[in-house]
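Quick notes on the structure that follows.
Both counts, for ligands and for their atoms, begin at 1 and track the order of listing. Residue numbers start at 1 and run along the sequence shown.
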Amino acid sequence: MYETILVEKLASRVGLIRLNRPQAMNALNATLMRELMNALKEHDAEPDIGCHVITGSEKAFAAGADIKEMATATPVSMLVGDPISVWDELKKIRKPVLAAVAGVCLGGGCELAMACDMIIAAENAKFGQPEINLGVIPGAGGTQRLTRIVGKAIAMEMVLNNRWLTAPEAAQFGLVNHVYSVETYLDEALKLAAEIASRAPIAIRIAKDCVNKTYEMTLNEGLEYERRSFHFLFSTDDQTEGMDAFVNKRPAQWKGQ
Ligand code: CAA
């Protein structure tokens, strides 16, 4: 069905999407980005899926936007075609999205991983924003999300001077959640995704939304937003079930209602 991605719905309620352009180190061309967003949207609407995982190959998560596709672009073609706008659709995905990253994770690849909710890395993962070598800058969040995550000093070095982070460095700077061997990183990411997918579905969505609001609100606005969201959850069956299960010392059965 898809040309540039492989899609699986796992029994563990995880939607797995593999970027699959091995001939181009999974460079993110327009077709891949459109297919990725379509698959994510389809899984997001699927009741049997509770968490998304995006991965690449052991060699490359993604080597960035497709340079060959971009090389002849003009300001007008960029403005009219607006190739980056498809990336904004990731922000509308309501279930958690994990990136399972091995190999190169560069430019748009790093930006894609950072737009996910968590990153699980293999020991061979390398994170970088090498756009400066092409005479441009990151165009899908690399100067913004990266700086918020790793801080100004490291972000400046990565964006201005093409410093790459190893997986342990990325963990040290808070860019990735966990680092595993190349043999196990995907299984570990799928395990974590399955655990998240087994939790109260409405609370999971609201929790993701509240954490992401940190980027857009002042502390007081965010605290108010969190409190309203917390109040709202008292209208769900899952809140009644979760608290009753705790009180009666039994496992909760979530309905997602
Ligand atoms: N776009 C298009 N094709 C790419 C690509 C990219 N980003 N990255 C790799 N490829 C292609 C190569 O052109 C090559 O194709 P051919 O065999 O047809 O020549 C193939 O993938 C394998 O690549 P290499 O031979 O270069 O493999 P390598 O192991 O020697 O090097 C690499 C791997 C370090 C990732 C190197 O390919 C590289 O530096 N790639 C470019 C990384 C980059 O600059 N990314 C930023 C893109 S701009 C961007 O992302 C903007 C944005 O913010 C949205």
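A donor-acceptor pair shorter than 3.5 Å can be found between the side chains of Asp209 and Tyr225. Side chains of Glu3 and Thr31: a donor-acceptor N/O pair is absent below 3.5 angstrom, by distance only.
Salt bridge annotation for Asp44-Lys92: absent, with no cationic side-chain nitrogen under 4.0 angstrom from a carboxylate oxygen. A salt bridge links Glu89 with Arg34; the closest basic N to acidic carboxylate O contact falls under 4.0 Å. The residues Lys191 and Glu195 are annotated as not salt-bridged, no charged nitrogen and carboxylate oxygen being separated by less than 4.0 angstrom. The residues Asp48 and Arg13 are annotated as not salt-bridged, no charged nitrogen and carboxylate oxygen being separated by less than 4.0 angstrom.
Within ligand 1, counting atoms from 1 as listed, the ones closer than 4.0 Å to a heavy atom of Gly139 are 52 (C), 53 (O). Close contacts between ligand 1 and Gly108 involve ligand atoms 49 (C), 50 (O) [criterion: under 4.0 Å to a heavy atom]. Here is the list of ligand 1 atoms found below 4.0 Å of a heavy atom in Leu134: 44 (O), 47 (C), 48 (S). Distances below 4.0 Å separate heavy atoms of Pro138 from the following atoms of ligand 1: 53 (O). Near Gly64, with a cut-off below 4.0 Å to any heavy atom, the atoms of ligand 1 are 50 (O). Contact atoms of ligand 1 toward Glu111: 52 (C), 53 (O), 54 (C) (distance under 4.0 Å to a heavy atom of the residue). In summary, the atoms of ligand 1 found under 4.0 Å from a heavy atom of Gln23, numbered by their order in the structure, are 15 (O), 20 (C), 21 (O).
Just one of Glu35, His43, Glu42 meets the side-chain contact (heavy atoms from CB on, under 4.5 Å) condition when paired with Val7; it is His43.
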Show me, pair by pair, the donor-acceptor contacts under 3.5 angstrom made by side chains of residues 56-63, not counting sequence neighbours?
| residue | atom | partner | partner atom | Å |
| --- | --- | --- | --- | --- |
| Ser57 | OG | Lys59 | N | 3.2 |
| Ser57 | OG | Ala60 | N | 3.0 |
| Ser57 | OG | Ala60 | O | 3.3 |

Extract all donor-acceptor atom pairs below 3.5 Å that involve side chains of residues 145-167 and protein atoms in other chains or at least two apart in sequence.
| residue | atom | partner | partner atom | Å |
| --- | --- | --- | --- | --- |
| Thr147 | OG1 | Thr143 | O | 2.5 |
| Glu157 | OE1 | Arg163 | NH1 | 3.1 |
| Asn162 | OD1 | Trp164 | NE1 | 2.8 |
| Arg163 | NH2 | Glu169 | OE2 | 3.3 |
| Thr166 | OG1 | Glu169 | N | 3.2 |
| Thr166 | OG1 | Glu169 | OE1 | 3.3 |

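Protein heavy atoms come within 4.0 Å of atom 7 (N) of ligand 1. Taking a distance limit of 4.0 Å, we find that atom 50 (O) of ligand 1 is approached by some protein heavy atom. Contact annotation for atom 32 (C) of ligand 1: protein absent (non-hydrogen atoms, distance under 4.0 Å). Distances from atom 28 (P) of ligand 1 to the protein include no heavy-atom value under 4.0 Å. The presence of a protein heavy atom under 4.0 Å from atom 13 (O) of ligand 1 is confirmed. Within a 4.0 Å radius of atom 17 (O) of ligand 1, the protein contributes no heavy atom. Atom 37 (O) of ligand 1 is not flagged as protein-proximal [any protein heavy atom, distance under 4.0 Å]. Within a 4.0 Å radius of atom 53 (O) of ligand 1, the protein contributes one or more non-hydrogen atoms.
The nearest heavy-atom contact from the protein to atom 39 (O) of ligand 1 is Leu106 CD1, 4.7 Å. Closest protein heavy atom to atom 1 (N) of ligand 1: Ile67 N, 2.9 Å. Protein heavy atom in closest approach to atom 23 (O) of ligand 1: Met25 CG, 3.8 Å. For atom 34 (C) of ligand 1, the closest non-hydrogen atom of the protein is Trp164 CH2, 3.9 Å.
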- What's the verdict on salt bridge (Lys or Arg N to Asp or Glu O under 4.0 Å) for Lys255 and Asp238, showing C-alpha distance, side-chain angles and the deciding distance? CA-CA 6 Å; Lys255 286 196 223 148; Asp238 285 349; over 6 Å; no
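Taking each of Gly141, Ala24, Ala63 in turn, the one with a heavy atom nearest to atom 40 (N) of ligand 1 proves to be Ala63. When Arg21, Met70, Lys59, Lys68 are ranked by how near their heavy atoms come to atom 15 (O) of ligand 1, first place goes to Lys68.
With hydrogens and angles disregarded, a donor-acceptor distance shorter than 3.5 Å links the side chain of Arg21 to the backbone of Ala27. Without hydrogens or angle criteria, Glu123 side chain to Val179 main chain gives no donor-acceptor distance under 3.5 Å. With hydrogens and angles disregarded, a donor-acceptor distance shorter than 3.5 Å links the side chain of Glu111 to the backbone of Gly142.
Under the 4.0 angstrom criterion for non-hydrogen atoms, Gly142 is not in contact with ligand 1.
Applying the 6.0 Å contact sphere to CZ of Phe246 captures no more than 12 heavy atoms from other residues, nucleotides or ligands.
Close N/O approach between Ile84 and ligand 1 is not found [any backbone or side-chain N/O within under 3.5 Å].
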